[in-house]
Amino acid sequence: MIRLLIADDEDLLRSALVALLGLEHDLTVVAEAATTTDAVRLAREHRPDIAVLDLEMPPTDGLRAAEEIRAALPTRIVLVTRHARPAVLRRALTAGVRGFVPKTTSAAVLAGIIRDIAAGRRYVDPDIAASALTEDDCPLTDRELEVLRAARTGASVVEIAAAVHLAPGTVRNYLSAAMAKLGTPTRHAAAHHAWQQGWI
């Protein structure tokens with residue numbers, strides 16, 4: 001029996017997935033979560049074989065939860081996303097994620113993917129994989145990405161500066177450069193754009 005954790009902040013989708021996967025003879029859902037915080041906590045508590053995580057789940061995101069779970073457990077991770085971003089795919093594979101599937105995947109197909117991953121294989125949606133091969137490179141420097149990552153939480157310039165160990169004026173300069181490169185009017189818009197592209 002393959003033991004599963006299902007995590008998605010959309011209650012209807014999560015409930016449907018739990019019900020449909022529960023009908024499979026060799027799959028059992030041992031826990032379900034609506035946040036990344038609960039996903040990590042329940043993974044540690046129940047030690048599932050596979051965690052199926054929504055990428056766009058609050059308060060962080062499914063990839064961050066995947067990294068935390070993988071750091072503590074041998075649980076294999078499947079990320080499910082509505083918006084397939086190739087850079088996120090690369091980060092996910094680096095983090096040891098075993099499956100990357102769009103939310104348009106049917107429960108029956110997902111069950112087959114889960115079985116493959118339980119058997120030690122990997123699955124990446126072909127369209128996402130093709131996009132990853134043709135995606136443009138990120139125009140931002142590592143420091144610009146670092147301050148945008150901190151800005152994504154809604155932090156002030158002073159808070160960002162403390163988080164990344166830079167002077168507030170230096171942080172403003174990096175944020176301005178990133179906004180100019182991305183053509184965004186605010187640091188929050190720049191951070192959101194960078195997150196959507198999978199750069200942070």
Side-chain angles (χ1 to χ4, degrees), residues 1-132 152-153 192 195-198 200:
M1 190 68 77
I2 302 168
R3 302 169 71 255
L4 305 175
L5 162 69
I6 307 296
D8 193 310
D9 61 320
E10 296 180 58
D11 292 343
L12 184 61
L13 285 175
R14 186 182 68 252
S15 299
L17 202 53
V18 167
L20 291 168
L21 291 175
L23 295 174
E24 300 289 332
H25 72 282
D26 56 346
L27 306 180
T28 182
V29 178
V30 296
E32 56 178 291
T35 67
T36 55
T37 308
D38 285 345
V40 173
R41 178 180 58 79
L42 290 168
R44 288 180 175 143
E45 187 178 321
H46 293 276
R47 304 181 69 84
D49 300 310
I50 294 178
V52 180
L53 308 176
D54 176 23
L55 179 62
E56 291 89 14
M57 196 172 27
T60 55
D61 60 50
L63 182 53
R64 181 67 56 85
E67 289 167 345
E68 290 184 41
I69 291 168
R70 291 280 302 147
L73 300 166
T75 298
R76 293 174 177 163
I77 307 292
V78 177
L79 281 180
V80 181
T81 181
R82 180 171 283 120
H83 307 291
R85 295 178 295 274
V88 173
L89 168 61
R90 286 198 290 272
R91 283 177 50 212
L93 294 176
T94 300
V97 169
R98 305 293 297 181
F100 204 88
V101 299
K103 277 198 171 178
T104 52
T105 305
S106 71
V109 169
L110 181 58
I113 292 167
I114 287 169
R115 290 184 188 103
D116 284 347
I117 289 168
R121 290 186 285 278
R122 192 185 292 257
Y123 177 85
V124 176
D125 175 73
D127 290 338
I128 297 172
S131 295
R152 189 164 173 260
T153 63
H192 184 68
W195 181 81
Q196 281 190 315
Q197 294 303 315
I200 60 173

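Not measured: the values here are computed from a predicted model. Heavy-atom basis, side chains included; hydrogens, waters and symmetry copies ignored.
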[X] to [Y] - nearest heavy-atom pair and separation:
X      : Y      : answer
Ala92  : Leu63  : CA-CD1, 3.7 Å
Ala129 : Leu89  : CA-CD2, 4.1 Å
Thr75  : Ala51  : CG2-N, 3.6 Å
Leu21  : Ala107 : CD2-O, 3.8 Å
Pro48  : Leu4   : CB-C, 4.0 Å
Ala118 : Arg76  : O-NH1, 2.8 Å

Where the side chain of [X] meets the backbone of [Y], is there a donor-acceptor pair that is under 3.5 Å apart?
X     : Y     : value
Arg44 : Leu73 : no
Thr36 : Met57 : no
Arg70 : Val97 : no
Arg3  : Thr28 : no
Ser15 : Leu12 : no

TODO: Would you check, one step at a time, whether the test side chain to side chain contact (heavy atoms under 4.5 Å, CB included) holds for Leu53 with Ile69?
DONE: CA-CA 11 Å; Leu53 308 176; Ile69 291 168; 4.2 Å; yes

Gap separating the [atom1] atom of [X] from the [atom2] atom of [Y], nearest 0.5 angstrom:
X      : Y      : atom1 : atom2 : value
Ile113 : Arg98  : CD1   : CZ    : 13.5 Å
Thr35  : Leu42  : OG1   : CG    : 8.5 Å
Arg41  : Glu68  : CZ    : CD    : 13.0 Å
Leu55  : Leu79  : CG    : CG    : 5.5 Å
Asp38  : Asp9   : CG    : CG    : 11.5 Å
Arg121 : Arg115 : CZ    : CZ    : 11.5 Å

- [ ] Could you give me the CA-CA distance, side-chain angles and deciding distance for Glu10 and Lys103, then say whether salt bridge (Lys or Arg N to Asp or Glu O under 4.0 Å) is met?
- [x] CA-CA 12 Å; Glu10 296 180 58; Lys103 277 198 171 178; 3.2 Å; yes

TODO: Go through the steps for Arg152 and Asp61 under the test side chain to side chain contact (heavy atoms under 4.5 Å, CB included), then give the verdict.
DONE: CA-CA 12 Å; Arg152 189 164 173 260; Asp61 60 50; 4.2 Å; yes

TODO: Run the salt-bridge test on Asp54 and Arg14 with the 4.0 Å N-O cut-off and return the result as yes or no.
DONE: no

- [ ] Step through the shown structure and confirm whether more than 12 heavy atoms of other residues, nucleotides or ligands are within 6.0 Å of CZ on Arg64.
- [x] no

Task: Candidates Val88, Ile77, Leu93, Val80 - the one meeting side chain to side chain contact (heavy atoms under 4.5 Å, CB included) with Phe100 - done: Val88

TODO: Tell me, with the steps shown, if Glu56 and Thr81 meet side chain to side chain contact (heavy atoms under 4.5 Å, CB included).
DONE: CA-CA 7 Å; Glu56 291 89 14; Thr81 181; 2.6 Å; yes

TODO: Evaluate the criterion side chain to side chain contact (heavy atoms under 4.5 Å, CB included) for residue pair Asp8 and Leu17; output intermediate values, then yes/no.
DONE: CA-CA 10 Å; Asp8 193 310; Leu17 202 53; over 6 Å; no

